[in-house]
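Contents: one structure, followed by commentary.
When reading the values below, keep in mind they use all heavy atoms of this one structure, side chains included, and skip hydrogens, waters and symmetry mates.
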Amino acid sequence: MAPMRNQNINCSSNYGEDVLQQVNVLASCYVVDSAANLKGLHYCTTGVAGAECPPLAALTSSNELALLPKSKKREIPGRRLARRGGAALSIREECERFFCESMKTAFHGEMSPSMNGSGLSGAYLQTPPPDDRLHDHFQQSFSDSNKLSSFTVEAWLEVWDYAGGASFRAFVANDGEEKSLFVFFDAEGVMGRDLKKALMALIELADGPLDCSHVVTCIDRRIPVDETRSLSKSLQWVGFDMITLDHWAHDLDVTSKRWMLMGMEL
């Protein structure tokens, strides 16, 4: 999918929309939901003095920045369906390609024999439990395990950072109560690039349209140590900390051999 860059726009009004001039698109995000619907969001500023632009906004079909929602036009059956369907499939496949075994287990429910944990999840309790409480102990453990809702992937993302030249694959995990944005910082997409504006756009994306409570950056372990150290320091300065996948996997000490994880609460 070809990324969109800066647009020079004439002021006009279409279907009740207000539009701005000189839209400077700093980053674009293409989102594919679980129903394979594809939509785009654009992180932008304007060159008009005193004009305000929402950090993430939609662009109309005529490349005008829409500040008010546009009435949905009737789609001609089959029109652009193949092209959009192909892009949606490509974005999802590219994201899934980055999944490590721990992520497949946490978000897809794929469990390999080597990753099976002990069934004695209540070992922190009195062991063995008193004879007269044995039934209550196992009944309580079973009840607690059922209360934990599994996280599943509800959206796949492709992000283009025009300011720094970086690109990212990402996904949104949801357990019905909270959502988290996971962003892959793979070596080919981020090495040697300025990520300051990209981080701003990613945090704005998670906190705004995606309504996430966590942002997790997955740093490629193939990145040289010096560059990884510099990147992790920058992320810590923004508010990220080293984390594991425990919260999402409902398990202990769940790490990744492929990614170093740093997370932040929003």
Open item on the list: Measuring from atom CG of D161 to atom CG of L195, what distance do you get when rounded to the nearest 0.5 angstrom?
Closed with: 7.0 Å
Open item on the list: In the structure I gave you, are the side-chain heavy atoms of L38 and I91 within less than 4.5 Å of one another anywhere?
Closed with: yes
Open item on the list: What's the separation between atom CG in L210 and atom SG in C29, rounded to the nearest 0.5 Å?
Closed with: 6.5 Å
Task: Spacing of OG1 belonging to T152 relative to CG belonging to N174, to within rounding of 0.5 Å - done: 6.0 Å
Open item on the list: Taking salt bridge (Lys or Arg N to Asp or Glu O under 4.0 Å) as the cut-off, I'd like each qualifying pair that reaches into residues 194-203, sequence neighbours left out, listed once.
Closed with: D194-K196
TODO: Drop me the distance from L231's CG to I219's CD1, to the nearest 0.5 angstrom.
DONE: 4.5 Å
TODO: Please work out which of the three classes, parallel, tilted or perpendicular, describes the rings of F107 and F151, given edges at 30° and 60°.
DONE: perpendicular
Open item on the list: So does R229 get a backbone contact from the side chain of D226, meaning a donor-acceptor N/O pair under 3.5 Å?
Closed with: no
Task: Under 3.5 Å: donor-acceptor pair, side chain of T217, backbone of M262 - done: yes
- [ ] Drop me the distance from E94's CD to L89's CG, to the nearest 0.5 angstrom.
- [x] 10.5 Å
Task: S28 (side chain) donor-acceptor with W160 (main chain) under 3.5 angstrom - done: no
Task: side chain to side chain contact (heavy atoms under 4.5 Å, CB included) between L205 and Y43, intermediate numbers included - done: CA-CA 8 Å; L205 175 69; Y43 189 89; over 6 Å; no
- [ ] Evaluate the ring planes of W156 and F171, with Trp represented by its six-membered ring, and classify them as parallel (under 30°), tilted (30 to 60°) or perpendicular (over 60°).
- [x] tilted
Task: R222/E227 ion pair, N-O < 4.0 Å - done: no
- [ ] Would you confirm whether S234, through its side chain, and S230, through its main-chain N or O, come within 3.5 Å as a donor-acceptor pair?
- [x] yes
Task: Candidate list E188, E96, E158, test salt bridge (charged side-chain N to carboxylate O under 4.0 Å, His left out), partner R169, passing option - done: E158
Open item on the list: Tell me if a side-chain donor or acceptor on W259 pairs with a main-chain N or O of F98 at a distance below 3.5 Å.
Closed with: yes
Open item on the list: Minimum heavy-atom separation for F182 and C218, please, with both atom names.
Closed with: CD2-SG, 4.1 Å
Open item on the list: If you define the side chain from C-beta out and look only at heavy atoms, does anything of L181 sit under 4.5 Å from L157?
Closed with: yes
Task: Step-by-step side chain to side chain contact (heavy atoms under 4.5 Å, CB included) determination, D220 to V190 - done: CA-CA 9 Å; D220 199 333; V190 303; over 6 Å; no
- [ ] With R221 as reference, evaluate K257, M260, R258 under the side-chain contact (heavy atoms from CB on, under 4.5 Å) test and give the passing residue.
- [x] M260
- [ ] Taking all heavy atoms of M264 and all of L266, pick out the closest pair and write down the distance.
- [x] CE-CD2, 3.7 Å
TODO: Check S102 against S256 and note the closest heavy-atom contact, atom names and distance.
DONE: OG-CA, 4.4 Å
TODO: Mind checking the CD-OG spacing from E154 to S180? Nearest 0.5 Å is all I need.
DONE: 10.0 Å
Result block: side-chain N/O donor-acceptor pairs under 3.5 angstrom for residues 236-244, not counting sequence neighbours:
from : atom 1 : to   : atom 2 : distance (Å)
T244 : OG1    : D246 : N      : 3.3
T244 : OG1    : D246 : OD1    : 2.9
T244 : OG1    : D246 : OD2    : 3.3

TODO: Please check if the side chain of D186 supplies one atom and the backbone of G189 the other of a donor-acceptor pair under 3.5 Å.
DONE: yes
Open item on the list: Go through it in stages, so that I can follow the logic: the residues are F168 and F184, the test is ring-ring contact (aromatic ring centres under 6.0 Å, His included), and I'd like the CA-CA distance, side-chain angles, deciding distance and then a yes or no.
Closed with: CA-CA 6 Å; F168 310 91; F184 294 108; over 10 Å; no
